[in-house]
Amino acid sequence: NAGVTQTPKFQVLKTGQSMTLQCAQDMNHEYMSWYRQDPGMGLRLIHYSVGAGITDQGEVPNGYNVSRSTTEDFPLRLLSAAPSQTSVYFCASSYVRGITDTQYFGPGTRLTVL
Amino acid sequence: AQSVTQLDSHVSVSEGTPVLLRCNYSSSYSPSLFWYVQHPNKGLQLLLKYTSAATLVKGINGFEAEFKKSETSFHLTKPSAHMSDAAEYFCVVSDRYGGSQGNLIFGKGTKLSVKP
């Protein structure tokens with residue numbers, strides 16, 4: 001199993017550009033989520049999905065869109081990048097949306113918006 | 001609403017001495033609690049988790065944590081630090097019930113430095 005994979009590893013955007021961060025898992029996990037990590041802030045939940053076709057907002061959803069057309073993939077879209085979206089983005093997944101279930105994290109995407 | 005407070009942003013210890021990373025939480029429902037570790041430029045790895053079984057939880061690499069409901073604390077300890085323990089550690093809470101069930105709320109992290 002590859003686990004949770006994220007592409008790209010690094011990305012530089014200009015203000016106003018759009019892009020999609022890719023996240024995939026091969027563990028047949030139902031629950032997937034996106035976090036952003038900023039210095040001194042820990043990780044904050046952006047969006048999450050409890051299964052294909054179902055998504056919901058987390059703590060910091062503004063400026064981001066998600067969709068979940070398959071169990072395996074959960075892309076995060078930045079519609080019009082802003083410098084405030086410079087961050088490290090982590091995707092995570094778990095078998096179900098359960099409090100006992102361990103969430104597995106991808107290696108992260110480091111995004112810089114100029 | 002849940003929240004997590006990690007009481008120290010940076011802890012420095014000498015190799016071979018004990019490690020204590022402090023964490024307090026608040027939760028509207030019975031919480032699950034986790035400690036994750038992040039080595040430089042790496043992803044996050046689960047160290048241990050508490051989910052209402054034994055209050056003393058043992059994790060990987062010799063770490064353990066004790067859930068103390070009366071103190072709303074979940075401090076992480078290790079008897080003897082190793083150089084490879086140098087990393088950032090995150091205390092995390094998750095509600096068991098309610099609309100945010102299963103979503104993780106992270107503390108701001110504690111950077112652990114280990115001196116030779």
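Note on naming: letters A, B, ... go to the chains in the order of the sequence lines (proteins, then strands), and numbering restarts at 1 for each one. What's counted below: heavy atoms across the whole structure, side chains too, no hydrogens, waters or symmetry copies.
- Atom CD in Gln103(A) sits 7.5 Å away from atom CG in Asn103(B) (nearest 0.5 Å).
- Interface residue Leu43(A): backbone and side-chain heavy atoms are both found under 4.5 Å from chain B.
- Hydrophobic clustering of Ile, Leu, Val, Met, Phe, Trp and Tyr side chains at less than 4.5 Å, counting indirect connections, unites Tyr64(A) with Met32(A).
- At a threshold of 4.5 Å between non-hydrogen side-chain atoms, the residues Glu59(A) and Phe106(B) do not count as touching.
- Contacts with chain A (heavy atom to heavy atom, under 4.5 Å) involve no residue of residues 60-73 of chain B.
- Chain A is approached within less than 4.5 Å, heavy atom to heavy atom, by Tyr36(B), Gln38(B), Asn41(B), Lys42(B), Gly43(B), Leu44(B), Leu46(B) from residues 36-46 of chain B, ordered by number.
- For the atom pair CD (Gln37(A)) and CD (Glu88(B)), the distance works out to 6.5 Å, reported to the nearest 0.5 Å.
- Options Pro107(A), Gly108(A), Gly40(A) differ in how many heavy-atom pairs under 4.5 Å they form with chain B, and the most are formed by Gly40(A).
- Taken together through direct or relayed side-chain contacts under 4.5 Å among Ile, Leu, Val, Met, Phe, Trp and Tyr, Val88(A) and Met41(A) form parts of separate hydrophobic clusters.
- By the rule that hydrophobic residues join a cluster once side-chain heavy atoms approach within less than 4.5 Å of another member, Phe90(B) and Phe34(B) end up as members of one cluster.
- Hydrophobic cluster membership differs between Tyr35(A) and Tyr104(A), with clusters built from Ile, Leu, Val, Met, Phe, Trp and Tyr side chains linked at under 4.5 angstrom.
- Atom CZ of Arg110(A) has 12 or fewer heavy atoms from other residues, nucleotides or ligands within 6.0 Å.
- By the criterion of side-chain heavy atoms lying less than 4.5 angstrom apart, applied directly or through intervening Ile, Leu, Val, Met, Phe, Trp or Tyr residues, Trp34(A) is grouped together with Leu111(A) in one hydrophobic cluster.
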